[in-house]
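Just so you know, these numbers come straight off a predicted model, no measurement behind them. As the structure lists them, so they are numbered: ligands from 1, and atoms in each ligand from 1.
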Amino acid sequence: MAAESPQLEAKRRVEYLSIAARSYITRCSSDRVPFRWTINPYRGCEFGCKYCYARYAHEFMELRDPLDFERRIFVKDFDPVRFKQELTALPQGELIALGTATDPYQPAERRYRITRAMLEVFADTCGFRLGITTKSNLIERDIDLFQEISRRHYFTVSVTVTTSDAQLAREIEPLAPRPDLRLAAVRKLVRAGVRATVFCAPVLPLINDGEPDLDSLAKAAAKAGARGFGANVLFLKPCAREVFLPFLEEKFPLLVRRYRERFGKSAYLRGDYPKRVSERVARIRQRYEFDKIPPQAEPDLWRTDPQQRLFPL
Ligand code: SF4
């Protein structure tokens with residue numbers, strides 16, 4: 001499929017290609033995540049985060065160079081009628097995540113607007129639990145749609161901010177918008193009545209995991225009005241290791257041996273470290289009273305769908 005994809009455009013560093021989508025909404029069987037369905041408007045992501053686990057998605061298209069993931073971006077052909085049919089065939093109340101293997105607000109979205117076209121369909125349906133994850137302040141563009149979607153679905157935007165240190169962010173997430181721009185987007189979303197949270201992911205051992213680092217990020221998130229704060233420890237699948245370990249060798253050479261040892265046998269860290277990070281994050285959440293934020297209110301139009309009335313949640 002990759003070899004046959006027509007080219008849409010090429011920049012100095014990135015090539016955009018068109019790809020047909022067999023289906024837009026994919027069932028997720030992992031028990032490590034809370035959602036059941038995923039939607040990814042693009043394949044590949046120009047932000048090029050050094051730790052990105054989604055590089056595997058290009059391996060399915062027989063693109064073996066891990067850098068292809070950030071240099072060959074596939075734009076899905078979008079048919080709103082087919083998308084709506086797929087969406088409305090799902091049981092009401094299902095948890096859907098938009099942007100799990102690509103950032104839905106990466107630079108390609110400015111031009112191709114596939115994410116926005118998908119959101120327009122959500123703004124015309126009701127009764128799902130939708131979450132969007134992004135590192136981009138381009139998300140502000142769609143506030144008008146989010147206000148309508150929030151009346152119809154349980155809806156949350158999760159803005160990923162790995163560190164409040166702009167220099168560090170530039171190194172680990174080279175083309176993603178600066179942390180302060182992401183936090184400003186959170187502020188705008190919340191002011192517009194859209195539920196937005198801040199998520200620090202990944203927590204990188206000995207790089208951004210110190211209590212002062214996480215504390216300053218949570219403090220900035222609270223100041224922006226975020227309705228939640230969380231964090232996840234790094235995991236390193238083989239496709240991510242190929243990019244992340246050379247990056248460490250260049251920027252953090254003293255950490256290479258420890259990372260190789262700890263991630264040598266498994267992509268996931270086990271034992272004391274993840275437990276201590278989660279205790280640290282729990283303390284910080286309490287400090288900024290994230291744990292006192294009430295649960296999301298029921299959307300205005302949640303029960304207007306006949307199926308919801310038949311079998312309320
Ligand atoms: S923004 Fe997400 S999908 Fe894009 S490169 Fe970074 S981690 Fe990967």
Side-chain angles (χ1 to χ4, degrees), residues 11 13-17 19 26 28 30 32-33 35 38-61 63 65-76 97-112 114-115 118 131-140 157-163 165-166 168-179 181-183 185-186 196-204 207-208 217 230-248 251 263 267-268:
K11 291 199 290 195
R13 186 179 163 277
V14 182
E15 183 184 20
Y16 298 108
L17 302 117
I19 194 164
T26 310
C28 174
S30 169
R32 289 182 179 272
V33 292
F35 42 84
T38 64
I39 302 174
N40 287 291
Y42 303 94
R43 291 187 86 149
C45 180
E46 202 172 331
F47 286 157
C49 306
K50 300 297 180 188
Y51 48 75
C52 179
Y53 65 88
R55 294 177 194 274
Y56 71 89
H58 268 40
E59 290 176 5
F60 294 147
M61 296 190 294
L63 294 170
D65 181 341
L67 295 181
D68 275 338
F69 179 79
E70 55 198 79
R71 293 182 182 162
R72 305 190 75 192
I73 309 297
F74 291 86
V75 181
K76 292 191 180 169
L98 199 163
T100 55
T102 182
D103 195 305
Y105 288 97
Q106 62 176 292
E109 173 61 14
R110 280 186 201 281
R111 173 173 293 251
Y112 300 108
I114 309 293
T115 300
M118 289 176 164
I132 298 188
T133 302
T134 185
K135 289 191 177 90
S136 175
N137 57 330
L138 177 58
I139 195 159
E140 295 166 12
V157 172
S158 174
V159 176
T160 307
V161 191
T162 327
T163 173
D165 176 342
L168 178 60
R170 179 61 63 232
E171 285 174 357
I172 57 180
E173 300 155 350
L175 290 183
R178 292 194 321 258
L181 296 175
R182 300 182 217 173
L183 288 162
V186 170
T197 63
V198 170
F199 205 65
C200 172
V203 173
L204 304 160
I207 295 177
N208 65 342
L217 187 52
N232 250 0
V233 170
L234 173 73
F235 61 94
L236 272 186
K237 300 254 184 198
C239 62
R241 284 168 57 105
E242 282 183 54
V243 174
F244 191 74
L245 291 178
F247 160 76
L248 270 192
K251 300 287 181 183
F263 288 101
Y268 293 90

4.5 Å side-chain heavy-atom contact, Thr115 and Tyr42: yes
Any Met118 side-chain heavy atom under 4.5 Å of Pro41 side chain: yes
Cation-pi, Phe235 ring and Arg32 (6.0 angstrom, 45 degrees): no
Arg182, Lys50, Arg178 screened by salt bridge (Lys or Arg N to Asp or Glu O under 4.0 Å) with Glu173, the one that passes: Arg182
Close aromatic pair by centroid cut-off 6.0 Å: Tyr112 and Tyr16: yes
Glu70/Arg55 ion pair, N-O < 4.0 Å: yes
Under 2.8 Å from atom 4 (Fe) of ligand 1, the protein N, O or S atoms, given as residue and atom: Cys45 SG
